[in-house]
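In what follows, a structure is listed as structure tokens, so that the remarks can point back to it.
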Amino acid sequence: MEKWISLDNLRYAVRKIDARFAPKSHAHTAATASAAGFLSAADKKKLDALPAQGVYGEEF
């Protein structure tokens with residue numbers, strides 16, 4: 001038994017998908033300590049405060 005979907009239902013589904021997911025090609029600005037970008041400015045400050053070496057002494 002074949003099942004068909006109407007064009008209107010297909011368009012509705014595509015609009016719902018487009019509304020939920022970012023396009024394949026999009027950009028984010030870089031975060032700074034004073035301006036949010038891909039992450040908040042507060043989170044950027046926290047990351048900047050981390051030491052340059054990892055737990056086992058590796059460089060990041």
Side-chain angles (χ1 to χ4, degrees):
M1 182 165 107
E2 291 184 26
K3 292 190 177 188
W4 294 89
I5 185 169
S6 73
L7 189 54
D8 287 336
N9 285 345
L10 182 59
R11 286 182 181 135
Y12 173 80
V14 169
R15 280 194 309 273
K16 289 300 237 182
I17 291 168
D18 285 344
R20 287 196 142 204
F21 300 99
K24 186 174 182 177
S25 63
H26 67 281
H28 295 274
T29 57
T32 67
S34 60
F38 190 67
L39 68 155
S40 70
D43 287 344
K44 177 64 173 149
K45 285 180 187 177
K46 291 175 191 175
L47 285 175
D48 289 345
L50 293 175
Q53 292 192 339
V55 176
Y56 300 106
E58 310 95 14
E59 290 290 325
F60 285 139

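What you see below is based on every heavy atom in this structure, not just the backbone, and it leaves out hydrogens, waters and symmetry mates.
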Closer than 4.0 angstrom, basic N to acidic O: yes or no for Lys45 and Asp48?
no
Please find the pair of heavy atoms, one from Ala41 and one from Ser34, that lie closest to each other, and give the distance.
CB-C, 4.0 Å
Are Leu50 and Leu39 grouped together when hydrophobic residues (ILVMFWY) are joined by side-chain heavy atoms under 4.5 angstrom apart?
yes
